[in-house]
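Remarks on the structure that follows.
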Amino acid sequence: MSLIHVILSGGVGSRLWPLSRKSRPKQYIPLFEGKTLFQLCAMRNRELCDRQLVVGNINNYKLSRKNMEGLGYGDYQSIIEYWPRNTAAAIVFAALSCDPEDVLLVTPSDHVIDGVPAYTEAVTEAVRLAGENNLVTFGIRPDRPETGYGYIEFEGNDVKSFREKPDYETASSFVQSGRFLWNSGMFCFKAGVFLEELGLYQPELLAAARQAWENKSYDFLPDEQSRMIPALSVDYAVMEHSQRLKVVPATFTWSDLGSFGALWDYKESRGKKQPEPGRGNNLVLGSSKHVEFIGMENMILVETEDAILVLPREKSQEVKNVYERLEQEKPELLK
């Protein structure tokens with residue numbers, strides 16, 4: 001049995017537009033002392049695991065390769081999807097590439113995690129539970145009501161229910177109850193156990209993914225067969241249905257950095273968001289120009305070569321709506 005770190009590198013970071021683009025999603029932006037989220041993810045897990053496997057797609061695999069080369073990591077495996085089909089298919093491909101008894105530690109490449117001892121402790125616990133043929137998810141203890149995350153109702157290591165992203169009032173009740181965790185999107189399980197469970201709940205997806213896998217060319221999955229795979233998240237396909245589910249209530253600091261509000265919180269927690277003359281309690285990203293704010297607080301200004309975004313901090317989740325509108329009106333601004 002080996003412990004395999006599976007890095008999921010899909011996603012475009014639509015709520016971080018215009019910084020995050022299709023040509024350079026948020027996980028590849030060097031915002032962290034010259035490092036990217038992708039690189040931090042690879043570094044964080046390298047010593048914990050026996051080997052690393054990057055699941056990407058035809059649009060981002062070169063960025064992943066460049067990031068790994070930047071760390072001096074050459075001893076990893078790549079799986080390159082022709083068409084991204086969400087996380088369930090991505091994990092199937094990782095599982096098919098491994099021995100059934102291998103344990104997969106599956107992590108998105110675009111999360112921020114602090115607290116190495118707590119993280120190591122959580123992974124150790126997850127590997128133990130996975131060794132008992134459970135599907136394990138990582139839940140984060142919430143420190144505030146958050147409408148941008150899904151929630152897990154839990155008791156000990158047992159999962160009672162999954163809840164979709166709630167409104168603010170519901171999120172507040174979840175946090176106050178102490179019975180809910182944020183759903184981190186991180187998982188741990190044996191490759192064979194995952195495939196067995198997927199076969200129970202989504203046999204069509206598993207069959208289509210197997211066919212694509214059997215027709216791959218080196219690291220690349222085929223076009224035609226990939227189109228036939230249902231695009232489902234691993235939560236919807238398996239985790240919300242399985243009777244083998246366990247959760248590790250983790251204590252490390254975590255954020256999916258999925259919005260400018262989350263980026264604000266991260267910078268503030270690290271002491272990297274300092275008030276500047278003329279800016280007050282506002283945040284400027286990407287601009288080399290002198291910016292003044294008059295009569296405004298908690299505002300965010302983002303500038304790139306071809307776009308400027310201005311928004312109140314509390315509206316940061318709504319950037320995704322702008323992204324979706326621009327897909328129809330001005331798709332060139334998303335490239």
Side-chain angles (χ1 to χ4, degrees), residues 3-11 13 15-16 20 25-55 64 67-68 70-71 73 76 87 90-91 94 103-130 136-144 146 148-152 154 180-189 234-235 239 246-273:
L3 179 58
I4 314 299
H5 178 213
V6 179
I7 305 176
L8 302 180
S9 63
R15 288 174 291 170
L16 286 179
S20 184
K26 67 173 181 177
Q27 59 266 33
Y28 302 111
I29 303 173
L31 292 174
F32 307 91
E33 298 178 352
K35 293 287 191 299
T36 68
L37 288 171
F38 182 98
Q39 289 177 318
L40 294 178
C41 175
M43 293 166 61
R44 180 166 56 246
N45 293 283
R46 185 172 176 82
E47 297 304 318
L48 298 177
C49 300
D50 297 299
R51 61 187 176 92
Q52 293 185 304
L53 191 165
V54 180
V55 185
S64 296
N67 273 240
M68 292 297 260
L71 295 173
Y73 297 173
Y76 67 96
T87 52
I91 297 171
V103 174
L104 309 183
L105 174 62
V106 182
T107 72
S109 61
D110 57 356
H111 292 181
V112 170
I113 290 175
D114 287 328
V116 172
Y119 181 73
T120 301
E121 181 181 340
V123 170
T124 301
E125 175 70 359
V127 171
R128 182 187 69 79
L129 291 168
V136 184
T137 184
F138 293 77
I140 310 299
R141 297 187 185 276
D143 57 9
R144 66 186 184 279
E146 175 58 63
Y149 300 152
Y151 286 73
I152 300 169
F154 79 108
F180 289 85
L181 304 165
W182 286 333
N183 186 356
S184 71
M186 297 168 51
F187 310 99
C188 189
F189 34 65
V234 67
D235 280 332
M239 305 302 282
K246 296 291 182 182
V247 64
V248 173
T251 58
F252 52 80
T253 303
W254 170 92
S255 171
D256 73 344
L257 217 68
S259 69
F260 287 113
L263 185 57
W264 179 311
D265 291 339
Y266 175 81
K267 285 180 171 291
E268 202 165 51
S269 70
R270 291 297 190 90
K272 296 184 181 299
K273 186 196 163 297

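Along the sequence shown, residues carry numbers from 1.
At a threshold of 4.5 Å between non-hydrogen side-chain atoms, the residues Phe138 and Phe187 do not count as touching. In this structure, Leu104 and Phe189 have side chains that are in contact, with non-hydrogen atoms separated by less than 4.5 Å. Proximity of Ile91 to Val6: side-chain heavy atoms (C-beta onward) are nowhere separated by under 4.5 Å. The shortest distance between side-chain heavy atoms of Tyr266 and Asp114 falls below 4.5 Å. Taking the side chain as every heavy atom from C-beta outward, Thr120 and Leu48 approach each other to under 4.5 Å. Looking at Trp182 and Ser255, their side chains never come closer than 4.5 Å, going by heavy atoms from C-beta outward. Between Val112 and Leu37, some side-chain heavy-atom pair lies under the 4.5 Å cut-off.
At least one donor-acceptor pair closer than 3.5 Å links the side chain of Gln52 to the backbone N or O of Ala42. Counting only distance, with no hydrogens or angles, the side chain of Asp50 and the backbone of Ile4 share no donor-acceptor pair below 3.5 Å. Side chain of Lys26 to main chain of Leu16: no donor-acceptor pair is present (N/O by atom type, distance under 3.5 Å, no hydrogens or angles). At distances below 3.5 Å, at least one donor-acceptor pair connects side-chain atoms of Ser9 with backbone N or O atoms of Val55.
Of the listed residues (Pro25, Cys41, Pro30), just one forms a side chain to side chain contact (heavy atoms under 4.5 Å, CB included) with Thr36, and that residue is Pro30.
If you check the side chains of Ser64 and Tyr28, you find a donor sitting under 3.5 Å from an acceptor. Inspection of the Asn45 and Tyr119 side chains reveals an N or O donor paired with an N or O acceptor under 3.5 Å.
Closest of all the heavy-atom pairs between Ala122 and Phe252 is CB-CE2, 3.8 Å. Counting all heavy atoms, side chain and backbone alike, Lys35 lies closest to Leu71 at CE-CD2, 3.8 Å. Taking each heavy atom of Ser184 and Ile140 in turn, the nearest pair found is CB-CG1, 3.9 Å. Tyr73 and Tyr76 get closest at one heavy-atom pair: O-CE2, 3.5 Å. Nearest approach of Asp110 to Leu257, heavy atoms of both residues: O-CB, 4.3 Å. The heavy-atom pair separating Val103 from Cys188 by the smallest distance is CG1-SG, 3.5 Å.
Atom CD of Glu121 has 12 or fewer heavy atoms from other residues, nucleotides or ligands within 6.0 Å.
Between Arg144 and Glu146 there is a salt bridge, since at least one side-chain N of the basic residue sits less than 4.0 Å from a carboxylate O of the acidic one.
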Next item on the list: Determine, stepwise, if the pair Asn183 / Tyr149 fulfils side chain to side chain contact (heavy atoms under 4.5 Å, CB included).
Entry: CA-CA 7 Å; Asn183 186 356; Tyr149 300 152; over 6 Å; no
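Rounded to the nearest 0.5 Å, atoms SG (Cys49) and CZ (Arg44) are 11.0 Å apart. Atom CD1 of Ile113 sits about 11.0 Å away from atom CG of Asp256, to the nearest 0.5 Å. Here the NE2 atom belonging to His5 is positioned 12.5 Å from the CD atom belonging to Glu47, to the nearest 0.5 angstrom. Within the model, atoms CE of Met186 and OG1 of Thr107 stand 6.0 Å from one another, a figure rounded to the nearest 0.5 Å. Going from atom CG of Leu53 over to atom CG of Leu8 covers 9.5 Å, rounded to the nearest 0.5 Å. One distance of note links CD of Gln27 with CZ of Phe38; it measures 8.5 Å at 0.5 Å rounding.
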